[in-house]
2 protein chains.
Amino acid sequence: MAMPLRARNRQSAVHHIIDTAMDLFDEHGYQQVTVDQIAAAAGVSPRTFYRYFGSKEGLFTTDPYASTDLAEVGRYLDVHDIPGSFQRLVTLIAERSGPDAGRTGQAWRGMRYVLEEPPVRAAVYAALEEGSRGLADLLRAEGMTATAARVTARAYWFGVYFGSLEQWHLDGRVRPLPDYVTEALAALRASGATG
Amino acid sequence: MAMPLRARNRQSAVHHIIDTAMDLFDEHGYQQVTVDQIAAAAGVSPRTFYRYFGSKEGLFTTDPYASTDLAEVGRYLDVHDIPGSFQRLVTLIAERSGPDAGRTGQAWRGMRYVLEEPPVRAAVYAALEEGSRGLADLLRAEGMTATAARVTARAYWFGVYFGSLEQWHLDGRVRPLPDYVTEALAALRASGATG
DNA sequence: TGTCAGTTTGGCAGTCTCTGCCATATTGAC
DNA sequence: GTCAATATGGCAGAGACTGCCAAACTGACA
């Protein structure tokens with residue numbers, strides 16, 4: 001409620017367009033639906049659509065509810081316990097996506113297309129890279145070398161974080177999400193133990 | 001030389017187009033150069049360009065010399081020593097890119113645009129995901145769970161492998177590439193030791 | 001050498017994504 | 001109620017990409 005009126009209106013418009021687009025995608029398929037159709041169905045001009053989302057794939061990377069912003073990561077990050085940090089972070093996300101999830105739950109509608117449509121996938125990966133780079137900056141600020149920070153950030157952000165979300169989704173979202181992170185962290189630790 | 005004539009001609013055409021495109025990119029910038037211009041400069045029709053590369057970004061993901069194919073990974077993979085496997089794999093790549101590198105050395109010309117141009121970056125990430133998925137399949141075939149395989153593959157492929165290449169390139173390619181992998185693996189091991 | 005099937009290439013028309021520009025409408029403050 | 005800031009819409013156009021068909025080319029075989 002601290003958000004000014006303008007921003008709130010914009011946000012509700014964004015959500016409405018996303019929902020409309022997902023409806024169309026579910027019915028006709030991602031590639032078959034044009035931006036013009038989405039805009040028309042949502043009652044805005046195509047020009048406005050592009051102002052909001054930048055691109056068709058922007059539908060999957062723009063929603064602030066669907067992605068975790070970096071400030072939040074910073075709050076949960078302990079450089080000396082990275083696995084624990086990710087466990088806490090994902091647990092938080094899981095709570096938000098619980099049974100009482102409002103719009104947050106809807107955000108997962110798009111995951112199907114992230115998995116199935118290469119252009120969407122590419123866009124989401126580019127967005128993930130943003131997060132990974134931010135995390136790497138945090139790690140470097142704590143004394144890690146450039147190489148260590150880059151590699152660690154990407155391994156945990158792409159591997160542990162996104163990998164867990166993905167597998168959780170593929171399994172139908174029935175098992176608790178934190179379990180996947182636990183398993184992911186164990187696998188990562190086991191893989192490195194031998195070398 | 002085992003390659004049939006047709007395939008060899010095609011490959012030399014591909015290399016010629018890539019070289020021509022990189023020249024144009026270096027001179028005018030990636031976004032400023034159109035596919036039509038590349039095709040014209042290389043002496044082929046735009047239609048043929050698209051048949052070869054599929055897209056403008058395909059210039060960076062098509063060259064077989066620039067990417068490591070999965071069969072090769074399979075040969076070097078030991079599930080019980082994943083860090084060692086990657087160390088060996090990257091050492092091989094480094095040897096290929098040595099001072100005597102012919103076309104292979106040229107392949108690195110594109111890395112600049114992979115780092116700087118978001119569309120190129122997205123395309124390369126999508127291609128990396130292919131490799132990661134293939135690696136995950138290999139790991140699952142050796143008894144890993146789906147989650148462990150997915151997470152491990154992505155952490156090493158995106159993090160250790162690509163992260164090392166990237167940092168090596170950013171540092172001017174003066175230090176030996178395998179050193180970066182060693183450092184990356186150590187960082188990964190250290191990060192997980194505490195959890 | 002000449003023929004012929006299979007493959008590769010080029011040209012064309014058209015769709016879709018995305019952007020710059022300017023006019024119009026809406027908003028929120030005073 | 002007026003005004004400046006901001007959001008929206010419409011338009012024109014560039015560039016990426018595809019389907020389609022005709023022309024050129026390749027390599028084998030008679």
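Below, chain A is the first sequence line, B the second, and so on; all start at residue 1.
As a whole-Å value, the separation of A:R10 CZ from D:dA5 C1' is 15 Å. Residue A:F49 contributes atom CZ, which lies 18 Å from atom P of D:dA7 at whole-angstrom precision. Residue A:F53 contributes atom CZ, which lies 16 Å from atom C1' of C:dT17 at whole-angstrom precision. Note: CD (A:Q31) to P (D:dG19) measures 11 Å, nearest angstrom. In this structure, the CD atom of A:Q32 is 16 Å from the C1' atom of C:dT17, given to the nearest Å. Separating the CD atom of A:Q37 from the C1' atom of C:dT17 is a distance of 13 Å, rounded to the nearest angstrom. Nucleotide C:dT17 holds its P atom 11 Å from the CG atom of A:L59, rounded to whole Å. For the pair A:D36 CG and C:dC18 C1', the computed distance is 11 Å after rounding to whole Å.
Residue contacts for B:Y52: at a heavy-atom cut-off of 4.0 Å it reaches the sugar-phosphate backbone alone, with no base atom in range.
Taking only side-chain nitrogens and oxygens, A:S45 never comes nearer than 4.0 Å to OP1 or OP2 of D:dT8. An OP1 or OP2 oxygen of D:dG19 is reached within less than 4.0 angstrom by no side-chain nitrogen or oxygen of B:Y50.
The aromatic ring centres of A:Y125 and B:F158 sit less than 6.0 Å apart.
Nearest to the side chain of A:T34, among C:dG10, D:dC17, C:dT17, sits C:dT17. Of all nucleotides listed (C:dT17, D:dC17, D:dG15), D:dC17 comes nearest to the side chain of B:K56. When each of C:dT9, C:dC18, D:dG9 is scored by its nearest atom to the side-chain atoms of B:T48, the top-ranked nucleotide is C:dT9. Out of C:dC16, C:dG10, D:dG9, the shortest distance to the side chain of A:R47 is found at D:dG9. Here C:dC18 is the nucleotide among D:dA16, C:dC18, D:dC20 with the atom lying nearest to any side-chain atom of A:S55.
Between the side chain of A:Q87 and the backbone N or O of A:P178 there is at least one donor-acceptor pair closer than 3.5 Å. Looking at A:R189, its side chain does come within 3.5 Å of a backbone N or O of B:G192 through a donor-acceptor pair.
Taken from NE2 in A:H169 to CD in A:E166, the straight-line distance is 10.0 Å, to the nearest 0.5 Å.
A perpendicular orientation is assigned to the rings of B:W157 and B:F86, their planes being inclined by more than 60° (bins at 30° and 60°).
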